[in-house]
Amino acid sequence: MNDSHYCPHTPEEEKEMLAAIGVSSVEELFAPIPSDLRAKTFNIPPGMSEFETFARMQSVAAGNSELLNFIGGGFYDHIIPAVVDHLSGRAEFYTAYTPYQPECSQGTLQALFEYQTAICRLTGLDVSNASLYDGATACAEAAMMALRVTGRNKIVMDGCVSPFSRQVLKTYLFNLNVEVIEIVPLDGLLNRNELAKVLDDSVAGVLVQNPNFFGGVEEFSELADQVHGQGALLLASVYPISLGLVKSPGEMGVDVAVGDGQSLGNPLSFGGPSFGFIAAKKSLIRNMPGRIIGETIDKQGRRGYVLTLQAREQHIKRHKATSNICSNQGLCALRGLIFLSSVGKQGLVAMAGLNRDKAEYAKAKLAEIPGVTVLQGAASFNEFTVFLPKPARGVVAVMLENGIAAGVPLGEYYEDSDNALVVTVTEKRTRKEIDRLAKGLEEALCN
Amino acid sequence: MNDSHYCPHTPEEEKEMLAAIGVSSVEELFAPIPSDLRAKTFNIPPGMSEFETFARMQSVAAGNSELLNFIGGGFYDHIIPAVVDHLSGRAEFYTAYTPYQPECSQGTLQALFEYQTAICRLTGLDVSNASLYDGATACAEAAMMALRVTGRNKIVMDGCVSPFSRQVLKTYLFNLNVEVIEIVPLDGLLNRNELAKVLDDSVAGVLVQNPNFFGGVEEFSELADQVHGQGALLLASVYPISLGLVKSPGEMGVDVAVGDGQSLGNPLSFGGPSFGFIAAKKSLIRNMPGRIIGETIDKQGRRGYVLTLQAREQHIKRHKATSNICSNQGLCALRGLIFLSSVGKQGLVAMAGLNRDKAEYAKAKLAEIPGVTVLQGAASFNEFTVFLPKPARGVVAVMLENGIAAGVPLGEYYEDSDNALVVTVTEKRTRKEIDRLAKGLEEALCN
Amino acid sequence: MQLIYEKSTPGRRGVKLPASDVPVAAALPKELQRKESADLAEVSELDLVRHFTILSRRNFSVDTNFYPLGSCTMKYNAKMLENAAGLFAPLHPMTALLPGGEEFCQGTLGMLYDLGQLLADITGMDEVTTQPLAGAHGEMTGILLVAAYHKAKGNQAKKKYVVVPDSSHGTNPASAAIAGYEIITVPTAPYGDMDLELFKQAMTDEVAAVMMTCPNTLGLFNPHIKEIADIAHSHDALMYYDGANLNAIMGKVKPGDIGFDVVHVNLHKTFGTPHGGGGPGAGPVGVKKALIPFLPQPRIVTDDEGQLRLETKNSSSIGRTANFFGNFGVMAKAYAYIIMLGREGLIQVSEQAVLNANYIKEKLKAYYDLPYDMTCMHECVFSASKQLQHGVHAIDIAKFLIDRGYHPPTVYFPMIVKEAIMIEPTETESKAAIDAFIEVMIEAAQTAESNPQALHDAPVTMPIGRLDETKAAREQNVCCAVG
Amino acid sequence: MQLIYEKSTPGRRGVKLPASDVPVAAALPKELQRKESADLAEVSELDLVRHFTILSRRNFSVDTNFYPLGSCTMKYNAKMLENAAGLFAPLHPMTALLPGGEEFCQGTLGMLYDLGQLLADITGMDEVTTQPLAGAHGEMTGILLVAAYHKAKGNQAKKKYVVVPDSSHGTNPASAAIAGYEIITVPTAPYGDMDLELFKQAMTDEVAAVMMTCPNTLGLFNPHIKEIADIAHSHDALMYYDGANLNAIMGKVKPGDIGFDVVHVNLHKTFGTPHGGGGPGAGPVGVKKALIPFLPQPRIVTDDEGQLRLETKNSSSIGRTANFFGNFGVMAKAYAYIIMLGREGLIQVSEQAVLNANYIKEKLKAYYDLPYDMTCMHECVFSASKQLQHGVHAIDIAKFLIDRGYHPPTVYFPMIVKEAIMIEPTETESKAAIDAFIEVMIEAAQTAESNPQALHDAPVTMPIGRLDETKAAREQNVCCAVG
Ligand SMILES: Cc1ncc(COP(=O)(O)O)c(C=O)c1O
Ligand SMILES: Cc1ncc(COP(=O)(O)O)c(C=O)c1O
């Protein structure tokens with residue numbers, strides 16, 4: 001075994017250990033497995049060296065193409081300050097486990113307490129947990145929170161919420177006795193009339209998204225009042241970078257805010273890992289899913305941090321827990337904290353401003369293209385919907401061949417939207433690149 | 001100033017500080033500089049963000065071409081285990097200074113002591129310092145050591161030593177009263193007869209290299225006796241990876257061994273940083289250049305490490321110091337240590353074996369090409385000289401265009417060697433790549 | 001140590017952003033504007049770096065401490081794997097979902113596909129989805145697949161229960177509950193496995209699935225596992241395999257061969273991803289053929305030309321369990337780990353993990369009560385009941401270990417062992433490290449007799465002592481008030 | 001803590017290497033074979049990682065501690081710069097030296113060329129070589145250029161001396177000596193600069209160069225610098241500028257404008273490279289036109305088409321001072337740093353560095369003797385002479401600071417100040433960090449009076465106390481005997 005990777009014993013050591021156990025071979029230790037159950041095949045290819053493995057991974061990565069990126073849809077191509085990698089790359093952070101033993105885990109615990117604080121401040125809410133899996137599952141967790149809190153079993157959701165989040169929510173709930181009602185969007189915004197029709201005191205929670213999948217930014221304060229009037233909770237999925245400019249969930253009276261933390265210092269990485277966040281009004285804390293870090297003191301009065309309200313959790317409550325979460329996205333949440341602390345209070349505002357300015361520039365540029373119109377009636381942040389004179393699918397496919405990921409065609413996700421395209425512009429895109437997008441689109445439309 | 005990079009004060013803080021100093025502006029603090037001496041221009045372009053800077057650096061890097069690499073000449077394309085980056089990337093290592101305060105620098109000090117140990121064991125000598133700038137300057141330092149030790153002023157060097165090392169040595173010594181004699185190589189080896197002619201008791205040191213610039217591996221034990229017979233020192237520059245197989249300087253009776261540590265875990269990085277190493281017989285320790293770490297104890301008998309024999313150094317001895325070295329290549333030496341500890345005792349032998357096996361395979365392959373002959377008469381490690389049927393310069397230039405750096409043409413460095421090419425094959429080169437080299441060479445020769 | 005917010009100075013700026021190269025846009029309508037900027041940290045980059053660098057040092061971690069945390073498989077994970085995952089940082093997942101986009105993602109889609117096949121071979125399953133984001137998420141996904149299966153057969157209405165042994169991990173019943181089932185818990189028999197008789201009694205046609213860990217959380221392999229599976233299947237209940245303990249059995253036995261229908265794998269335990277202080281992990285789920293139609297979307301399939309495509313609109317699918325393709329970065333590490341170790345390497349991992357656990361078990365059983373004294377797999381579970389006679393609890397021993405520089409084993413789990421101390425050394429520890437740990441464990445046992453107070457007082461070498469958890473739960477101070 | 005060799009186990013293997021895909025070659029001739037393998041460490045990768053991770057934590061460093069080490073400019077260096085340098089890892093320097101090879105290296109050659117131009121502007125020089133590998137190496141290179149210059153003029157024979165002030169850094173005279181000159185040391189006058197009268201007396205036509213740091217090592221800018229340069233030039237002596245203190249004056253004054261002919265720049269101090277626990281740094285050398293012909297080879301030049309080429313055979317050159325193009329990775333960081341900060345950024349660096357030093361000077365001068373009480377540049381030098389009255393030395397104060405988590409300032413340098421304490425805060429420290437440091441310095445001064453023994457006993461919080469340096473020097477135990 002001393003020729004294997006990462007199994008350190010020398011043959012002599014192995015012999016000593018076997019002797020101490022009182023067996024003559026390692027194979028004997030597998031005697032508890034009935035022989036007829038033993039694996040008959042094991043078709044894993046032979047191993048290789050670290051060097052060869054890395055070379056192989058490089059060739060896997062090279063199997064993807066680099067594209068000029070104007071797509072979002074939940075994951076966003078933002079700047080990640082170099083400190084994020086360096087600090088989250090401290091081995092003491094990333095090779096530790098969930099901080100069950102607080103005395104030797106204050107690094108993780110304090111950082112996650114700081115993370116919770118950042119999320120509370122960002123969302124304008126009182127309490128945050130220490131992360132969820134991703135933004136989509138966070139929507140489902142918020143819905144389940146509403147079900148628990150109200151004891152009702154109906155969820156209403158705006159069709160403007162990301163189709164992925166809606167799908168995940170429905171998957172989570174399909175085997176529960178829950179009714180899920182979706183409100184068909186009206187011009188890329190929540191159809192408030194339709195919502196009013198279904199909002200009654202059987203509704204546990206109403207889920208909206210801001211900015212929504214079309215890019216539209218909405219005000220939900222009034223909605224919050226209506227929802228609260230029915231004893232239900234208003235749940236909002238938000239894009240954290242937008243909160244540098246856009247009214248926060250807390251300011252709108254939202255009860256539970258969730259979202260995906262990818263944009264906060266986590267690379268696109270073909271979709272993960274990122275993290276979900278969830279923040280809520282104080283009164284809802286005992287119904288929160290996942291880990292929560294709390295401040296306390298030791299006998300000498302020294303401040304410290306612990307996993308708290310563990311009585312909600314699966315390792316104590318088992319099937320009565322508020323969620324099944326165990327391992328979560330701690331390191332990604334830490335990256336989020338480092339990101340937010342690195343750009344800082346003013347920086348987040350500035351970054352949000354850059355996003356919006358670039359997107360507005362792009363909007364104007366694209367609107368100049370003959371036949372292209374911009375979805376009217378809604379303010380937007382860094383994503384917006386344009387209507388093309390032909391189906392977006394084909395246009396996007398053509399532009400891909402030219403190295404531009406021009407946006408997400410809406411036809412895949414909404415009826416009667418074949419010509420609609422959602423375009424995303426982050427602070428990383430330069431004016432030149434935006435001009436290239438416009439030119440590329442114009443050319444693609446000429447074909 | 002709070003919009004600048006890495007200068008943290010807010011305007012309020014700056015005001016407070018100026019008030020404490022008793023001046024009204026930062027500019028006042030520059031009053032000691034006579035106004036007529038002040039800079040009239042400062043033509044540095046405006047700054048940019050971290051993100052833009054990194055993008056710029058990526059485009060700089062993209063300005064170089066990737067080539068299939070069969071060149072050496074002092075720097076070698078070896079495997080660097082991933083741990084080397086990760087561990088030398090610990091901020092506590094790389095953001096510390098030279099360990100002047102031992103109590104809070106035991107990390108660096110112990111590591112460098114372990115490094116010295118590795119170098120002693122690798123070279124088979126008694127003492128090592130904590131690094132020199134690079135392999136070429138190490139040759140010069142070894143020569144100066146010989147001058148100091150013997151009080152003589154003549155250095156003899158084998159023309160088979162790397163031309164770069166020889167040039168550096170001559171540059172170092174040109175303004176001293178030292179005679180430097182170079183022995184013209186004979187068939188890619190030290191011309192021992194010529195050497196014997198000049199070796200007398202006026203010679204301070206004889207410098208050889210193993211394997212030499214032609215790739216030849218030599219035995220110098222007899223030479224050591226001859227050199228010692230004249231009261232001179234034998235100085236040898238060695239390629240550390242080769243020491244997995246090749247007789248060590250210590251085993252040959254060499255007095256001072258030097259070399260470049262790049263191959264030990266330091267990336268090619270367009271030539272640096274790497275490090276030089278120097279090891280010597282115990283009796284020479286007080287004449288060593290640079291930093292030396294020594295073991296000692298504190299009052300409670302606890303073991304610790306300190307910079308020792310500092311009385312040799314510039315910060316104490318000023319112009320009488322054994323060298324002018326202050327900052328050196330500490331982090332690169334640390335990388336060397338981590339590399340050697342990662343491949344380990346058996347691994348270095350295995351790695352050296354792989355190098356030689358691949359080079360021998362390449363040698364045989366190239367020898368099959370019509371008109372190509374291999375330099376005979378010397379054993380080699382991972383570099384060898386071939387003779388082409390036409391000038392190597394042109395062949396190499398053609399092959400470069402095809403993405404292959406086929407070797408170093410010797411004509412640039414030696415007379416009557418226009419057709420000679422030194423080919424290097426490390427463990428990173430696969431059989432397929434070597435076959436590609438052979439095919440490429442064959443094609444280039446057909447042109 | 002101060003919080004980052006306590007180190008903030010109003011007006012201090014962080015990282016510099018690019019200057020704008022476009023006009024400033026008209027402001028958002030007033031009612032959409034945020035009133036007050038979020039009060040994030042305002043620190044210099046140096047202060048930020050110092051803060052988190054110093055904070056990191058207040059953790060124990062695998063790279064600094066032996067970390068025999070049972071059930072968590074705290075092995076050393078190769079640094080190269082981190083580098084490998086980084087290669088994929090710039091790739092946007094939506095690309096693959098664009099029309100014609102798969103073509104531009106053949107590298108990553110291919111890797112996921114290949115990883116699925118490797119995991120399928122390791123677990124003996126027919127197909128694997130890489131979408132679930134952790135073990136528990138895999139459990140929920142797996143149980144939802146079970147539900148979809150029963151639904152498709154038209155008998156979901158009667159399927160009300162999921163059976164778990166009482167030794168099971170808390171996530172098992174929690175996941176099943178979230179997926180809509182009621183839980184039946186079967187006690188463990190004195191021989192360390194789920195009581196076969198009680199299990200038989202619990203099984204009815206109303207049971208949708210039986211969830212088991214094998215080896216179980218006592219580190220024991222259940223010799224009756226096939227029989228259990230046969231009983232379950234006779235009631236049309238599916239067998240769910242919690243793969244958290246896969247590190248024990250690679251190449252030795254395959255869940256799919258011994259009657260399991262659904263498996264999740266904790267990639268972060270067995271396959272090369274460090275635990276990140278609480279994630280990210282990944283919990284791919286493998287299934288037998290009958291369950292393939294229900295796998296989440298998007299599902300990676302090959303077309304006639306061998307190109308990889310995404311199936312996104314299969315109406316029998318349970319839908320999506322997460323945004324995109326799972327925690328891709330974790331998958332990259334797992335894939336690299338598996339191809340690097342290869343067949344022999346993976347077998348050795350399991351062999352050495354089992355060797356180390358048995359060695360510790362033998363060496364410590366004279367000092368600690370071993371409730372199930374038999375050959376274990378990759379972990380062993382002691383009880384501090386002997387020490388309890390001196391008033392010393394498992395937690396006291398844990399805290400003593402902290403003072404000695406060891407991360408404690410898992411304590412108080414599995415719940416069925418009183419004062420449980422669950423030790424999983426993993427295969428990556430050297431004999432010297434294991435021997436040193438054994439010494440300290442013996443020292444703890446001796447100190448429990450000679451000076452129990454010393455154990456109650458531990459830890460004393462950390463920046464803080466034992467914390468007041470009641471106060472934390474009462475005050476619910478979960479967000480910094482300063483700043 | 002054990003040495004890595006003490007953790008070794010015979011036969012334990014390290015990182016796995018690729019299997020060979022070629023035949024095993026015939027062995028080397030016996031007489032060329034190594035007899036016994038070098039006794040390197042034999043540890044597992046986990047043990048290796050733990051060893052060095054834990055070892056790293058036994059250092060103070062900029063990223064963990066305020067590090068006001070005078071003359072060393074221990075500023076915070078942006079992490080991005082490390083990443084940027086890494087981009088060049090795979091590039092072989094010999095490529096550029098192959099026939100036609102420059103074409104394949106236009107990126108790196110261009111960067112070096114541009115960096116040279118930026119440094120030339122900052123220092124007021126006409127051309128820069130990036131070859132020297134550290135400050136001292138730059139000094140030697142610079143003095144060799146001076147020698148070549150005098151030689152070319154035919155009067156090297158009579159040029160015997162290099163003049164340095166007694167406040168100069170030890171490398172200055174050491175480098176000049178290595179480059180073949182004798183040293184004349186001029187004392188410092190009470191006004192903190194080289195004594196002008198004594199300097200005049202020292203100057204003869206036998207002087208080849210005058211080496212100065214400006215601001216000098218007391219942190220003071222010499223108002224007579226132009227006069228000194230004129231005097232030197234009148235003797236055909238060249239003025240050498242030790243750029244170690246460049247952090248004080250960027251954009252404010254250029255060495256080239258005030259009479260200097262040769263300059264080295266310590267990139268690792270001023271320009272973005274952390275110190276690495278003792279390097280690598282880089283010491284590019286800038287020269288005035290007259291010295292360009294002597295610059296080291298290879299020299300980067302542009303050809304008629306604006307392509308970058310290497311000049312390798314200029315016979316007037318001093319030759320090579322190092323293998324290739326200098327410490328390229330360090331250069332990459334410096335280049336990125338300069339283009340990132342830009343004109344305004346660099347000016348601010350110097351302004352804030354000077355502000356911070358003066359602030360500390362003012363705040364501490366009531367507690368420590370300030371031998372030269374005037375506006376300083378980027379650093380200030382106190383004397384512990386007040387404390388000495390209580391038997392407390394500068395070193396005792398240094399060790400006390402260690403106990404408080406501060407890396408001590410430079411002590412006992414410059415040598416001309418008795419019990420010198422040389423403080424360089426740099427521009428990257430926040431006011432809060434500086435204020436906290438001032439507090440601790442005051443506490444040290446107070447403790448010197450109230451409890452001098454406490455200072456003699458310091459440090460007590462480190463894993464080791466003050467070490468027996470005599471024993472180290474006597475025993476010369478510089479290589480581990482174990483294993
Ligand atoms: C036996 C067992 N099952 C399931 C889980 C849950 O896995 P995860 O933490 O990945 O959600 C764990 C994790 O500790 C476990 O030990
Ligand atoms: C004033 C001064 N000159 C020269 C040097 C030497 O520079 P280096 O350490 O880069 O060789 C130093 C370094 O500490 C210094 O402070």
Side-chain angles (χ1 to χ4, degrees), chain A residues 4 7-8 13 17 26 32 42 44 46-47 53 57 61 63-65 71 81 87 90-92 95-98 103-104 106-108 117 120-121 133 136 167 171 175 267 270-273 294-296 298 304 308 314-315 318-319 321 324 327-331 341 344-345 360-361 393 397 431, chain C residues 14-15 21-22 25 38 40-41 52 56 58-63 84 87 89 91 93-94 99-100 104 107 133-134 136 147 170 173-175 177 180 183 221 251 274-281 319-320 323-324 327-328 340 342-343 345 348 351-352 359 430-431 462 464-465 472 477 479-480:
Chain A
S4 135
C7 289
E13 288 176 322
M17 293 173 79
V26 171
F42 195 50
I44 306 297
T53 309
M57 295 307 287
N64 281 40
S65 312
I71 48 180
L87 296 175
R90 293 281 301 176
E92 294 94 326
T95 73
Y97 193 68
T98 305
E103 300 88 349
C104 59
Q106 284 298 302
T108 294
T117 302
C120 289
R121 293 179 179 191
Y133 296 131
Q167 286 173 30
T171 298
N175 199 40
F270 207 61
E295 189 176 297
T296 185
D298 72 1
T308 193
Q314 47 75 25
H315 62 282
R318 299 179 66 86
H319 60 279
N324 65 335
S327 292
N328 206 265
Q329 309 287 120
L331 194 70
S341 305
K345 181 177 184 172
E360 291 295 313
Y361 174 79
R393 279 189 69 83
R431 180 180 199 138
Chain C
V15 71
D21 55 0
V22 297
L40 302 172
F52 286 105
S56 75
R58 294 167 83 104
N59 269 2
F60 279 13
S61 67
V62 172
D63 280 12
L87 295 170
L91 304 178
M94 272 305 290
F104 299 87
L133 301 170
S175 299
I183 307 303
F221 193 92
H275 287 71
R320 274 181 194 247
N323 242 330
F324 297 110
N327 281 336
F328 184 88
M340 175 163 69
R343 187 177 190 286
Q348 273 172 352
E351 289 184 346
Q352 300 288 310
Y359 180 70
S430 62
K431 180 165 179 295
M462 295 288 109
I464 48 155
N477 183 354
C479 169
C480 168

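By convention in this document, chain letters (A, B, ...) are assigned in the order of the sequence lines, proteins followed by strands, and residues within each chain are numbered from 1. Quick note: numbers below take in every heavy atom, side chains included, and nothing from hydrogens, waters or symmetry partners.
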| query | When only pairs under 4.5 Å are counted, which of A:Pro273, A:Pro267, A:Ala61 shares the most heavy-atom pairs with chain C? | reply | A:Pro273

| query | If you count heavy-atom pairs under 4.5 Å between each of C:Ala136, C:Ala134, C:Ala147, C:Cys479 and chain A, which one has the most? | reply | C:Cys479

| Option that, when pairs with chain A are counted at under 4.5 Å, heavy atom only, ranks first among C:Pro280, C:Pro274, C:Gly342, C:Ala25 | C:Pro280

| task | Report the option among A:Gln314, A:Glu13, A:Glu295 that has the most heavy-atom pairs separated by less than 4.5 Å from atoms of chain C. | result | A:Gln314

| Reported CD-to-CZ distance for the pair A:Glu103 and C:Phe60, which is rounded to 0.5 angstrom | 9.5 Å

| message | Counting heavy-atom pairs closer than 4.5 Å to chain C, which one of A:Gly304, A:Ala397, A:Ser341, A:Pro81 comes out on top? | response | A:Ser341

| message | Under a 3.5 Å distance rule, please check whether A:Asn324 uses its side chain to pair with a backbone N or O of C:Ala174 as donor and acceptor. | response | no

| query | With side chains defined as the heavy atoms from C-beta onward, is the minimum distance between C:Asn327 and A:Gln329 less than 4.5 Å? | reply | yes

| task | Say whether, by atom type as modelled, one donor and one acceptor occur between the side chain of A:Thr95 and the main chain of C:Val62 under 3.5 angstrom. | result | yes

| said: Quick check against the 3.5 Å criterion: does C:Arg320 have a side-chain atom that pairs as donor or acceptor with the backbone of A:Ala136? | reply: no

| note | One option among A:Ile44, A:Asn64, A:Thr296 has the most heavy-atom pairs under 4.5 Å with chain C, and it is A:Asn64

| For A:Arg90, is it the side chain, the backbone, both or neither that has a heavy atom under 4.5 Å from a heavy atom of chain C? | side chain

| said: Which one wins on heavy-atom pair count under 4.5 Å against chain A: C:Ala177, C:Ala472, C:Ala84? | reply: C:Ala472

| note | Most contact-rich option vs chain C, by heavy-atom pairs under 4.5 angstrom, among A:Leu331, A:Thr98, A:Thr117, is A:Thr117

| field | Side chains of C:Ile183 and A:Arg318 in contact at under 4.5 Å (non-hydrogen atoms) | value | no

| message | Would you compute the distance between atom CZ of C:Arg58 and atom SG of A:Cys104 and round it to the nearest 0.5 angstrom? | response | 12.5 Å

| task | Could you tell me whether the side chain of C:Asn477 and the main chain of A:Gly294 form a donor-acceptor pair under 3.5 Å? | result | no

| request: Given side-chain contact (heavy atoms from CB on, under 4.5 Å), test A:Gln106 with C:Ile464 step by step and report yes or no. | output: CA-CA 9 Å; A:Gln106 284 298 302; C:Ile464 48 155; 3.3 Å; yes

| Which atom names give the shortest non-hydrogen contact between C:Asn59 and A:Ala96, and what distance separates them? | ND2-CB, 4.0 Å

| field | Check: C:Arg343 and A:Pro46 side chains under 4.5 Å, non-hydrogen atoms | value | no

| Atom CG in C:Asp63, atom CD in A:Glu92: separation rounded to 0.5 Å? | 8.0 Å

| query | Given side chains that start at C-beta, do those of C:Glu351 and A:Cys7 come closer than 4.5 Å, heavy atoms only? | reply | no

| request: Measure the spacing between OH of A:Tyr361 and CG of C:Asp21 and express it to the nearest 0.5 Å. | output: 8.0 Å

| Pick from C:Gly281, C:Gly319, C:Gly100, C:Ser175 with the largest number of heavy-atom pairs that fall under 4.5 Å of chain A | C:Ser175

| task | Under 4.5 Å, counting heavy-atom pairs only, tell me which of A:Thr308, A:Ile71, A:Val26, A:Thr108 racks up the most with chain C. | result | A:Ile71

